[in-house]
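Remember, it's 1-based here, ligands and their atoms both numbered in the order they're listed. Given the structure is predicted, the values throughout are model-derived calculations rather than measurements.
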Amino acid sequence: MALTLLVNTLLLAIPLGGSVGTLAGIDAHRAATGQKGLFTGDDSSNGGTGSSGGSSGGSDSTGGGSGSNNTISDNHTKNSQYCQSSYGITPPTQGEQFTLNPNQWGVTDTTSGWLCMNVTTFNNETYATKTTAPDWSVTWQFDQGPETQPVHAFPNIQVEDEFPLLVDGVDAIDFELAYTYGVGKTVATTMDESALTAASLQANVAVDMFFDADKERAQNSTLARLEVMVWFARFGASSDPIGYPTVVTTQTVNDTKFELYKGPRTAGSTTQYVLTWVAATNTDSFKGDIFPLVTNLTSLGGDNYPNNTDYMGILQFGTETYSADSNVTFAVSDLAIDVKKS
Ligand SMILES: *[C@@H]1O[C@H](CO)[C@@H](O)[C@H](O)[C@H]1NC(C)=O
Ligand SMILES: *[C@@H]1O[C@H](CO)[C@@H](O)[C@H](O)[C@H]1NC(C)=O
Ligand SMILES: *[C@@H]1O[C@H](CO)[C@@H](O)[C@H](O)[C@H]1NC(C)=O
Ligand SMILES: *[C@@H]1O[C@H](CO)[C@@H](O)[C@H](O)[C@H]1NC(C)=O
Ligand SMILES: *[C@@H]1O[C@H](CO)[C@@H](O)[C@H](O)[C@H]1NC(C)=O
Ligand SMILES: *[C@@H]1O[C@H](CO)[C@@H](O)[C@H](O)[C@H]1NC(C)=O
Ligand SMILES: *[C@@H]1O[C@H](CO)[C@@H](O)[C@H](O)[C@H]1NC(C)=O
Ligand SMILES: *[C@@H]1O[C@H](CO)[C@@H](O)[C@H](O)[C@H]1NC(C)=O
Ligand SMILES: *[C@@H]1O[C@H](CO)[C@@H](O)[C@H](O)[C@H]1NC(C)=O
């Protein structure tokens with residue numbers, strides 16, 4: 001009996017800690033998206049919180065880069081590295097606009113570890129297709145944080161200029177993804193899960209979306225009534241989703257089976273409801289429409305699920321970094337997000 005209680009407390013404590021952090025992190029991110037990006041040289045966010053811990057990784061300039069942010073260019077592409085705790089990178093594009101952010105919101109003076117984000121842009125100011133995002137990667141290592149705040153960062157890419165949209169006004173969100181997570185500071189060619197386990201990696205790979213009946217609140221990750229996540233992978237027990245281990249329902253999208261977990265999270269005076277679809281087995285690639293994972297929820301009904309008159313305000317994709325014993329690299333080689341309106 002005592003043991004059961006203890007276990008339950010632990011399971012509860014972990015997601016709660018993580019959640020509060022997620023909120024703060026995305027808020028930090030939202031604050032940063034207002035900043036000018038790569039090509040304007042304005043970095044007013046850098047004087048803000050936690051540049052202390054986050055920037056310790058700035059020493060990771062092993063590649064012989066030159067100029068600001070270790071930029072290496074040839075005639076076609078440019079690779080820049082960002083070790084700032086929070087920095088909005090909005091490369092020019094002729095298609096879908098994205099903002100990238102290292103978003104190291106959980107890094108404090110006492111954090112041991114570092115994180116740097118690399119972004120590859122095309123000099124012709126476009127990408128391979130209208131909906132393709134720039135290639136990016138994150139290399140990091142963090143020691144385990146306190147149970148109340150185990151997440152150190154949510155480095156992510158956010159879709160700009162599409163939201164807010166009524167749920168009813170979205171036809172599909174075609175999502176194409178290929179990535180690797182690997183041990184070391186270089187991009188792994190394949191994902192070796194046993195090596196990641198041996199490195200005690202605690203992290204997930206996830207889409208993060210926010211909903212509310214109010215247009216403005218839907219665009220504020222702290223105030224939005226609902227958060228819906230889609231996890232393609234999770235590594236280590238720290239990253240149990242809220243509501244784990246009770247699976248509410250399952251849904252299969254183009255051969256990838258997702259299991260739904262649900263539960264509330266309270267931060268201060270606000271309670272937000274969190275719905276998390278987790279791939280039943282980790283997958284390093286995906287192609288399909290993720291919007292049925294939202295619209296199928298509308299049929300469940302009630303305040304804890306989105307409905308057709310709710311607004312979708314935010315769509316981000318990234319990795320929540322908890323901890324790892326070795327340096328690890330998350331590299332996104334293929335990402336295209338196509339928001340189709342009805
Ligand atoms: C990165 O580039 C921005 C814009 O040029 C600059 O303000 C910032 O100081 C650079 N950061 C580093 C670590 O070089
Ligand atoms: C991880 O990378 C950092 C920064 O380059 C380096 O100082 C450290 O030795 C590396 N850690 C391991 C375990 O290789
Ligand atoms: C990131 O960029 C830095 C600086 O150019 C380079 O040293 C490092 O190897 C790059 N990391 C990856 C994973 O590409
Ligand atoms: C870049 O372009 C210049 C001028 O056309 C050319 O001389 C040089 O070889 C090119 N460099 C690379 C790396 O392609
Ligand atoms: C832009 O540059 C990239 C990288 O060199 C190339 O693959 C792409 O075809 C170019 N796009 C256009 C429209 O020229
Ligand atoms: C979101 O709402 C919170 C609470 O009202 C506020 O402090 C924060 O500034 C808002 N964030 C944005 C990006 O508007
Ligand atoms: C939506 O979820 C319900 C409940 O599990 C399931 O029966 C139904 O097949 C799902 N719909 C789709 C389109 O997958
Ligand atoms: C389903 O996945 C396969 C394999 O990646 C892909 O070729 C196909 O286009 C996907 N179907 C849809 C509807 O996205
Ligand atoms: C949708 O949900 C909101 C919040 O729970 C509620 O106010 C609204 O009445 C719902 N709309 C419908 C059509 O059910």
Side-chain angles (χ1 to χ4, degrees), residues 38 53-74 77-84 87 89 91 100 102 104 107 111-121 129 131-132 134-144 152-153 155 171-191 195-196 198-201 203 207 230 232 251-258 279 281 283-293 295 318-319 321 323-340:
L38 182 56
S55 49
S56 61
S59 60
D60 181 47
S61 51
T62 52
S66 60
S68 79
N69 300 302
N70 296 316
T71 297
I72 299 174
S73 355
D74 60 20
T77 61
K78 184 161 21 184
N79 174 69
S80 298
Q81 187 180 50
Y82 301 88
C83 305
Q84 293 92 336
Y87 191 73
I89 305 141
L100 298 103
Q104 306 184 52
V107 169
T111 299
S112 168
W114 65 285
L115 181 150
C116 288
M117 173 186 259
N118 284 16
V119 180
T120 303
T121 51
T129 73
T131 56
T132 313
D135 286 357
W136 58 288
S137 67
V138 179
T139 301
W140 63 276
Q141 188 278 320
F142 289 116
D143 289 352
Q144 198 177 333
H152 290 102
D171 239 10
I173 299 180
D174 290 332
F175 198 92
E176 187 177 332
L177 171 67
Y179 72 91
T180 55
Y181 232 123
V183 175
K185 294 201 285 186
T186 55
V187 176
T189 45
T190 57
M191 196 151 85
L196 294 169
S200 305
L201 174 65
V207 171
V230 182
F232 299 101
Q251 193 170 336
T252 299
V253 182
N254 200 10
D255 292 340
T256 301
K257 182 182 174 193
F258 293 96
T281 50
T283 179
D284 60 3
S285 67
F286 177 85
K287 187 172 183 214
D289 176 12
I290 57 169
F291 207 56
L293 298 172
T295 49
T319 177
T321 63
S323 59
D325 289 348
S326 312
N327 290 317
V328 290
T329 296
F330 170 66
V332 181
S333 57
D334 182 15
L335 178 66
I337 306 174
D338 191 4
V339 180
K340 289 186 170 141

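Atom 13 (C) of ligand 8 is never approached by the protein to below 4.0 angstrom, counting heavy atoms only. Within a 4.0 Å radius of atom 7 (O) of ligand 8, the protein has no heavy atom. Not a single protein heavy atom sits closer than 4.0 Å to atom 4 (C) of ligand 8.
Contact annotation: for Gln141 versus ligand 2, there are no heavy atoms closer than 4.0 Å. With a 4.0 Å cut-off on non-hydrogen atoms, Asn79 touches ligand 3 through its side chain and not its backbone.
Atoms of ligand 8 lying under 4.0 Å from at least one heavy atom of Gly288, given by number and element, are 14 (O). Applying the 4.0 Å criterion to heavy atoms of Lys185 picks out, from ligand 3, the atoms 13 (C). Here is the list of ligand 3 atoms found below 4.0 Å of a heavy atom in Ser137: 13 (C). When each atom of ligand 3 is checked for a heavy atom of Asn118 under 4.0 Å away, the hits are 1 (C), 2 (O), 3 (C), 8 (C), 10 (C), 11 (N), 12 (C), 14 (O).
Using a distance-only test at 3.5 Å, with no hydrogens or angles considered, no donor-acceptor pair links the side chain of Asp135 to the main chain of Thr120. Asn118 places no side-chain N or O within 3.5 Å of a backbone atom of Trp136 that could act as its donor or acceptor partner. Counting only distance, with no hydrogens or angles, the side chain of Gln104 and the backbone of Gln84 share a donor-acceptor pair below 3.5 Å. Put simply, the side chain of Thr180 gets close to the backbone of Ala188: a donor and an acceptor are under 3.5 Å apart. Between the side chain of Thr139 and the backbone N or O of Cys116 there is no donor-acceptor pair closer than 3.5 Å.
The N/O atoms of Asn327, backbone and side chain alike, include one that comes under 3.5 Å of an N/O atom in ligand 2.
The aromatic rings of Trp140 and Tyr181 lie perpendicular to each other, with more than 60° between the two planes, well past the 30° mark.
Closest to atom 9 (O) of ligand 8, if we only count protein heavy atoms, is Lys287 NZ, 3.2 Å. When only non-hydrogen protein atoms are considered, atom 10 (C) of ligand 8 lies nearest to Asn254 ND2, 2.4 Å.
Rounding to the nearest 0.5 Å places CG of Leu201 at 7.5 Å from OG1 of Thr319.
Put simply, the side chain of Phe291 does not reach to within 4.5 Å of the side chain of Val339, judged on heavy atoms.
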